[in-house]
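First the structure, in the form of structure tokens, and then the observations on it.
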Amino acid sequence: MTHDDTAPVYGSAVTKVEPFGVDHIPDNERHGKPSSQFFVWFAAGLNFPIILLGFSAVGLGLSFGAAVAAIVAGAGLGSLLMAVMSRMGVRLGVPQQIQARGPLGFFGNFLPVAYINVFAGVGWAAVTVILGGKAIAELTHLPFWVCGLALTLVELVVSIYGYNMINFLQRVLTYVLTPLFVMITVVALVRGAGTFDADPKAADYVGSTGGWITFGGWFLSFLVAWAPFASDYSRYLPDSPGVVKRTAWYTGLGNFVTICWLGILGVLLGSNATSTDSITALHQLTGPFAIPALIAIGLSALAQNFLNVYGGAISVQTLKVPVTRTQAVTLICALAYVISLWGHSGTEDKFSVFLNLTAYFIAPFATVLLLDYHLGGRSDPNRIAELYDRGRVLSWGFVAWAGGVLASVPFWQSDLYTGAFASAYPHAGDLSMFVAAGASAVLYLLTYRLRPLWTRGTPATAEPQQEKTAAVAGS
């Protein structure tokens, strides 16, 4: 009996455990349609905290028109970023975290991935378990720890099965969640929507320009936080110019529609909102329709955490931790669940803090990846082998990333730390992400033609290597 080397091992099978971890996806395993990216990101964006972010427009003293314009601008920039980074996955066939080895170096990539993807992935997974668990607990009257555990177990199983099952369920959840969130929208609008004028006497007023920048930045931050995972869900798609182009459009559209929809809904409801607690606010907005609304919040937690857990596991393997993908998924789920038990009170405050801090680190990371792809020649598939070459220890992209982060510190605005510039000029708004991205861009442009900072051995020039710890079926 002969073996057909061209036959896919994984293919489009939904109920087969994904055999690839952080490996390059070969041509015979490429499958799917660009439209899948719309469902992946649309479902993930159906997120009640986005509505809560919209409430903040009133506290910042923005007018209704200015608030809507800020959301559209923030969502537009973030969706463009996601669209471009999703294209990179189709072209290269590797996760975003592996792509970062190009400009940062094999080991230079460890620190940003450890913080941005592992730490942030666990944190976001915990926040989402909290929100979904609280909704299910309110619905069933079961203890939070039981509801949070049930969500975590579902996320664990689906993330172990991996890419195909996640894509399938994101499509299903899109069809289930869309009418539920439409119901929330209609009921909430009928029960208390309204427009408003600018209010310089608002509690958190920092000026019309500063408030606009800060408010729009929160919506941009939400999408920036997804950026290190964008290629993870497009890397199996066939690499052709048409697929690359349509993937970008579907990715951008899926993100833009949900963020604008729910963000503007939150703005419309903000003048009548009396609570920033997610469950209390949901009851106030939906009244007798709270039960289907709670179901929507519980299910939306799954749509978000399939991506958080799966992406976090890929990040663990990118760090060369000697675990299989199944073990990494289990680790991420366990940590997220334990953190959710500790932090399920005051969730909304923790959410906003996490939103800012992750964006401050991810913005320069994404900037370096984008510049390296378009200017540094990383779009060439013939250079994929370099991403698996341990001899490229440290490259100048690490300096560009770290320099961007450091340059942004004086501009940070967070409950954990407020920088010197932010304290002295609060009316400027939160400029941290933009400073970080700008500084990293300048540093990259100054250094990307230089030889790597640290190399050892002979550079890889052959076919893409495989990460053997991830190449076993079920890993």
Result block: side-chain N/O donor-acceptor pairs under 3.5 angstrom for residues 203-212, not counting sequence neighbours:
residue, atom, partner, partner atom, Å
Y205, OH, S208, N, 3.4
W212, NE1, A66, O, 3.0

key: Y337 side chain vs W145 backbone, donor-acceptor pair below 3.5 Å   = yes
When rounded to the nearest 0.5 Å, the distance separating CD1 of I136 from NE2 of H141 is 13.5 Å
When you look at Y10 and I25, which way does the side-chain contact (heavy atoms from CB on, under 4.5 Å) test go after all the steps?
CA-CA 10 Å; Y10 182 46; I25 306 303; over 6 Å; no
For this session: Begin from the C-alpha positions of L104 and V368 and carry the test side-chain contact (heavy atoms from CB on, under 4.5 Å) through to its verdict.
Result: CA-CA 9 Å; L104 279 74; V368 170; 3.9 Å; yes
**Message:** Can you tell me if F168 has over 12 outside heavy atoms packed within less than 6.0 Å of its CZ?
**Reply:** no
Start with the C-alpha gap between I279 and L294, add the side-chain angles, then the distance that decides, and say whether side-chain contact (heavy atoms from CB on, under 4.5 Å) holds. CA-CA 8 Å; I279 302 304; L294 288 168; 4.1 Å; yes
On a heavy-atom basis, the closest approach of A135 and G298 is CB-N, 4.1 Å
dist L180:CG -> I297:CD1 (nearest 0.5 Å) comes out at 9.0 Å
Any side-chain heavy-atom pair from L307 and F229 closer than 4.5 angstrom?
no
Check whether any side-chain N or O of S79 sits under 3.5 Å from a backbone N or O of G76 as a donor-acceptor pair, and report yes or no.
no
V58 side chain near D199 side chain, heavy-atom distance below 4.5 Å: no
Using atom types as modelled and distance alone, determine if a side-chain donor or acceptor of N164 lies under 3.5 Å from a backbone N or O of E18.
-> no
**Report entry** Short side-chain to backbone donor-acceptor contact, Q96 and G89, under 3.5 Å
**Finding:** no
Exactly one of N272, L269, T185 clears side-chain contact (heavy atoms from CB on, under 4.5 Å) with L285, and that residue is L269
Output for pair (I213 CD1, D430 CG), nearest 0.5 Å, gives 9.5 Å
Checklist entry - Hey, are the side chains of I50 and F219 touching, using non-hydrogen atoms and a 4.5 Å cut-off? => result yes
- So, does W401 use its side chain to make a donor-acceptor pair with the main chain of F361 at under 3.5 Å? yes
Notebook entry, point to check: With distance as the sole test, does R378 use its side chain to make a donor-acceptor pair with the main-chain N or O of A100 at under 3.5 Å?
Noted result: no
Discussion item. Looking at Y161, I'd like to know if its OH atom is crowded, meaning that more than 12 non-hydrogen atoms belonging to other residues, nucleotides or ligands lie closer than 6.0 Å.
Written reply: no
Is the side chain of N255 donor-acceptor paired with the backbone N or O of A75 at a distance under 3.5 Å, no angle test? no
Next on the checklist: Counting C-beta onward and ignoring hydrogens, is there a side-chain heavy-atom pair between F434 and L220 closer than 4.5 Å?
Outcome noted: yes
*With distance as the sole test, does S408 use its side chain to make a donor-acceptor pair with the main-chain N or O of V405 at under 3.5 Å?*
yes
So, N308 and N305: side-chain donor and acceptor under 3.5 Å apart, yes or no? yes
V129 and E155 have their tightest heavy-atom pair at CG2-OE1, 3.8 Å
When rounded to the nearest 0.5 Å, the distance separating CZ of R87 from OG1 of T247 is 9.0 Å
Residues at least two apart in sequence or cross-chain that pass ring pair (Phe, Tyr, Trp, His ring centres under 6.0 Å) with F365, listed by chain then number, are none
Heavy-atom nearest pair, N47 first then Q304, reads ND2-OE1, 2.7 Å
Atom CG of L153: over 12 foreign heavy atoms under 6.0 Å = yes
So CE of M433 and OG1 of T358: to nearest 0.5 Å the spacing works out to 9.5 Å
Looking only at heavy atoms, the pair that brings P19 and V9 closest together is CG-CG1, 4.3 Å
One should read off an interatomic distance between L319 CG and N109 CG, to the nearest 0.5 angstrom, of 8.0 Å
message: Surrounding CZ of F306 (heavy atoms of other residues, nucleotides or ligands, distance under 6.0 Å), is the total greater than 12?
response: yes
Nearest heavy-atom approach of Y310 to G162 is CE1-CA, 3.8 Å
Within the 4.5 Å heavy-atom criterion, are V94 and V22 side-chain neighbours or not? no
Would you be so kind as to tabulate the donor-acceptor pairs closer than 3.5 Å made by side chains of residues 35-44, with sequence neighbours excluded?
residue, atom, partner, partner atom, Å
S36, OG, K33, O, 2.8
Q37, NE2, Y233, O, 2.5

Residues A125 and A336: closest non-hydrogen pair is CB-CB, 3.7 Å
Step through the shown structure and confirm whether more than 12 heavy atoms of other residues, nucleotides or ligands are within 6.0 Å of OH on Y417. yes
request  = Specify whether Y163 and Y236 have parallel, tilted or perpendicular ring planes, treating 30° as the upper limit for parallel and 60° as the lower limit for perpendicular.
outcome  = tilted
| field | P8 side chain near H31 side chain, heavy-atom distance below 4.5 Å | value | no
Exercise. Take K16 and E29, measure what salt bridge (charged side-chain N to carboxylate O under 4.0 Å, His left out) needs, and give me the verdict at the end.
Key: CA-CA 13 Å; K16 181 183 289 187; E29 293 288 351; over 6 Å; no
*Main-chain N/O of G311 paired with Q97 side-chain donor or acceptor, under 3.5 Å*: yes
- Message: If you define the side chain from C-beta out and look only at heavy atoms, does anything of V323 sit under 4.5 Å from L331?
- Response: no
Hey, are the side chains of F64 and L268 touching, using non-hydrogen atoms and a 4.5 Å cut-off?
-> yes
Run V435 and F421 through side-chain contact (heavy atoms from CB on, under 4.5 Å) and show every step you take. CA-CA 12 Å; V435 171; F421 181 91; over 6 Å; no
- Message: Quick one: does any side-chain atom of S234 pair with a main-chain N or O of S86 as donor and acceptor, under 3.5 Å?
- Response: yes
